[in-house]
Amino acid sequence: MERLKKRRDFLAAAKGRRTARRAFVMETRDRGDGGPVRFGFTVSKRTAKKAVERNRIRRRLKEAVRLAPAEAAGRGFDHVLVGRRAVLDADFAALRADLQSALQEATGPARRKDGRRPIR
RNA sequence: CCAGCCGGCCGGACGGCCGCCUCGCCAGAUCUCCGCAAGGAGGGCGGGGAGGAAAGUCCGGGCUCCAUGGAAGAACGGUGCCGGGUAACGCCCGGCGGGGGCGACCCCAGGGAAAGUGCCACAGAAAGCAAACCGCCCCGCCUGCCGAUCGGCACACCAGCGGAUGCGCCGCUCGGCCGGCGGGGUAAGGGUGAAAGGGUGGGGUAAGAGCCCACCGCGUCGCCGGCAACGGGGACGGCACGGUAAACCCCACCGGGAGCAAGACCAAGAAGGGACGGCGCGGGCUUCUGCCCAGGCUGCUUCCGAGCCAGCCGUCCGGGUCGGUCGCGCGAAGCGUCCGGCGACGGGCGCUCCAGAUGAAUGGCCGUCGCGUCGCGGGCUCCGGCCCGCGGCCUUACAGAACCCGGCUUACAGGCCGGCUGGCACU
RNA sequence: GGGGCCAUAGCUCAGUUGGGAGAGCGCGUGAAUGGCAUUCACGAGGUCGGCGGUUCGAUCCCGCCUGGCUCCA
């Protein structure tokens with residue numbers, strides 16, 4: 001898994017499409033170059049005050065991303081996962097399922113003009 | 001057995017599958033990918049991979065840069081019984097003094113208030129200079145009352161002469177009491193207050209007072225013990241010296257400032273600018289040599305020393321910012337053992353190499369065991385609980401390295417070991 | 001990672017030789033008005049962020065925690 005490390009990339013992703021789930025918010029940006037997919041993680045001090053908790057949130061999200069099938073994330077995308085406190089005691093299988101659906105939605109067809117999700 | 005005190009330690013264990021970071025070795029024909037570049041990633045094998053507090057950032061150092069070197073001083077900040085340990089410390093050890101506890105033991109910013117200044121609200125006579133005030137005592141004078149002796153009978157009184165007796169009246173003297181004025185002696189006592197000019201007891205006195213005595217406290221000076229803080233004891237003094245320095249301050253000692261986001265290098269790349277070299281560079285006197293006087297700048301100040309600046313020409317370098325690499329893992333290191341020391345600690349020998357991220361590595365899932373807790377069932381019981389089985393829950397408290405080290409402080413489920421004190425019972 | 005500052009009534013803030021806890025707005029009651037606003041009078045409201053210490057006495061002085069703000073790069 002390739003990681004996002006520059007502040008620039010995080011700011012760019014924050015302007016992209018947002019996909020919210022119970023335990024996290026995913027910000028997605030299509031770089032348009034068809035290159036490898038990259039992931040970034042954000043857990044702020046406001047989310048969890050203690051460093052142990054912030055570490056645990058990021059690590060569980062990272063593991064969920066690692067176990068996700070490579071083709072699900074698409075090509076040329078930057079995904080930033082903003083962790084919430086719910087990650088701490090969420091069931092891991094449910095976390096993976098949420099990630100999978102979020103990736104599917106984020107890399108799928110663009111939203112309709114009214115901003116609602118496409119009807120399946 | 002119960003209650004308690006002190007010190008030290010642990011803070012889940014084993015295993016499976018899939019992953020992450022890093023180090024070493026091998027391979028690596030410079031092959032592929034990312035990047036403008038610097039550089040980074042990609043293979044195999046092996047090793048290592050969070051804490052006792054990694055935390056707070058309260059102290060002390062190493063290391064790095066900044067400042068022109070040295071000395072003295074000022075300012076500011078800190079520390080504060082004595083001795084020792086240490087690279088150093090505000091830390092630690094041992095001791096001393098004070099306070100608390102039946103005790104084991106615990107607590108103390110614990111120098112100086114006879115260098116100076118400030119403050120001590122309210123209450124209180126008075127709050128720090130010692131006196132004033134109330135009160136107490138003595139003397140004198142005055143007024144009033146009472147009593148006694150003596151003298152007297154004008155008035156009042158009496159049954160009455162008469163003032164002999166009784167009730168009385170007047171006067172002298174003496175004594176007592178109340179009050180006032182004046183003079184003096186006192187600090188024992190005076191609702192208060194955190195604190196009141198040594199304390200307690202006795203003697204003494206007109207009343208009192210270290211006025212005298214005993215003990216305690218205090219001060220001064222010798223002596224003895226101790227490196228010292230200090231302790232013991234003696235003589236003398238005869239109360240002078242309230243508290244507050246985490247109020248200003250004084251004394252002694254320590255401290256230059258900033259911090260790895262320090263700093264160095266590399267790549268891309270303007271302007272200001274910088275470095276080096278050459279020539280040149282204040283005023284006066286003088287024929288020249290030379291002599292005299294000098295400006296500005298560089299630390300908070302002074303002194304000594306050192307250096308730089310005034311222009312022109314030439315050559316070279318070239319910041320910030322973004323990115324990359326280093327700094328960055330052998331150290332006041334850990335473990336074991338022996339020796340010295342009451343101890344903190346020091347020394348010798350042997351063994352080991354033990355995290356290095358930088359949007360930041362320890363994760364995910366599972367099995368077995370252990371611990372804790374809850375529920376149910378059974379058994380035992382000194383009725384407080386203990387044991388066994390099954391099941392559920394937490395899979396466990398506080399908490400995540402960010403240059404490193406020594407301390408301090410703060411947070412912490414549960415548990416282990418050792419020593420000691422008090423009480424009860426039994427032997 | 002490293003510096004600095006703040007915390008006092010519901011809100012915004014004063015508070016120094018350490019002895020009284022305060023102001024404005026807001027709130028409540030009353031007056032005035034036919035009614036409302038303005039105005040006037042009166043009143044309630046505080047572990048001075050927490051825990052220790054110094055002192056006779058602490059919002060104030062000294063430690064240690066907690067929460068918040070801010071600066072450097």
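Residue numbers begin at 1 in each chain, while the letters A, B, ... track the order of the sequences.
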Nearest-angstrom distance, [atom1] atom, [N] to [M]:
{"N": "B:rA54", "M": "B:rG11", "atom1": "P", "answer": "14 Å"}
{"N": "B:rG151", "M": "B:rA164", "atom1": "P", "answer": "9 Å"}
{"N": "B:rC45", "M": "B:rG51", "atom1": "C1'", "answer": "32 Å"}
{"N": "B:rG147", "M": "B:rC172", "atom1": "C1'", "answer": "16 Å"}
{"N": "B:rG56", "M": "B:rA113", "atom1": "P", "answer": "44 Å"}
{"N": "B:rA344", "M": "B:rG95", "atom1": "C1'", "answer": "13 Å"}
{"N": "C:rC42", "M": "C:rG22", "atom1": "P", "answer": "16 Å"}
{"N": "B:rG52", "M": "B:rG8", "atom1": "P", "answer": "16 Å"}

Note, RNA chain C 5' to 3' with Watson-Crick or G-U pairs under 3.5 Å encoded as ( ), [ ], | and . gives (((((((..((((.....[..)))).(((((.......))))).....(((((..]....)))))))))))).
Is there a continuous path of hydrophobic side-chain contacts, each under 4.5 Å between heavy atoms, that joins A:V52 to A:I57?
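They do not share one cluster, since no chain of ILVMFWY contacts under 4.5 Å joins A:V52 to A:I57.
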Using Watson-Crick or G-U wobble geometry with both distances under 3.5 Å, which nucleotide pairs with [N]?
{"N": "B:rC5", "value": "B:rG419"}
{"N": "B:rG35", "value": "none"}
{"N": "B:rG377", "value": "B:rC388"}
{"N": "B:rC14", "value": "B:rG367"}
{"N": "B:rG94", "value": "B:rC82"}
{"N": "B:rG329", "value": "none"}
{"N": "B:rG222", "value": "none"}
{"N": "B:rG43", "value": "B:rC26"}

Please determine whether a side-chain nitrogen of the Lys or Arg among A:R56 and A:E53 lies less than 4.0 Å from a carboxylate oxygen of the Asp or Glu.
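No, no charged N to carboxylate O under 4.0 Å.
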Scan A:R60 against the nucleic acid and name what it touches under 4.0 Å (heavy atoms): base, sugar-phosphate only, or nothing.
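The answer is sugar-phosphate, as A:R60 gets under 4.0 Å only of primed atoms, P, OP1 or OP2.
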Anti or syn - [N], cut at 90° from 0:
{"N": "C:rG53", "answer": "anti"}
{"N": "B:rG210", "answer": "syn"}
{"N": "C:rA31", "answer": "anti"}
{"N": "B:rC122", "answer": "anti"}
{"N": "B:rC354", "answer": "syn"}

Would you tabulate the nitrogen or oxygen pairs shorter than 3.5 Å linking the protein to nucleotides 16-18 of chain B?
residue	atom	partner	partner atom	Å
B:rC18	O2'	A:R66	NH1	3.3
B:rC18	O2	A:R66	NH2	3.1

Does the side chain of A:R56 get closer than 4.0 angstrom to OP1 or OP2 of B:rG364 through an N or O atom?
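Answer is yes, contact under 4.0 Å.
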Does B:rA361 have OP1 or OP2 sitting under 4.0 Å from an N or O in the side chain of A:R58?
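Answer is yes, contact under 4.0 Å.
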Among B:rG364, B:rA50, B:rA401, the nucleotide that comes nearest once only the side chain of A:N55 is considered
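Closest nucleotide among those given: B:rA50.
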If we ignore hydrogens and angles and just use 3.5 Å, is the side chain of A:R22 paired with the main-chain N or O of A:V87 as donor and acceptor?
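Looks like no, no N/O pair under 3.5 Å.
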Distance, rounded to the nearest Å, where A:L99 contributes CG and B:rG364 contributes P:
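It works out to 16 Å between those atoms.
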Taking for each residue the nucleotide of RNA chain B bearing the nearest heavy atom, is the 5' side occupied by A:G40 or by A:E53?
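That would be A:G40.
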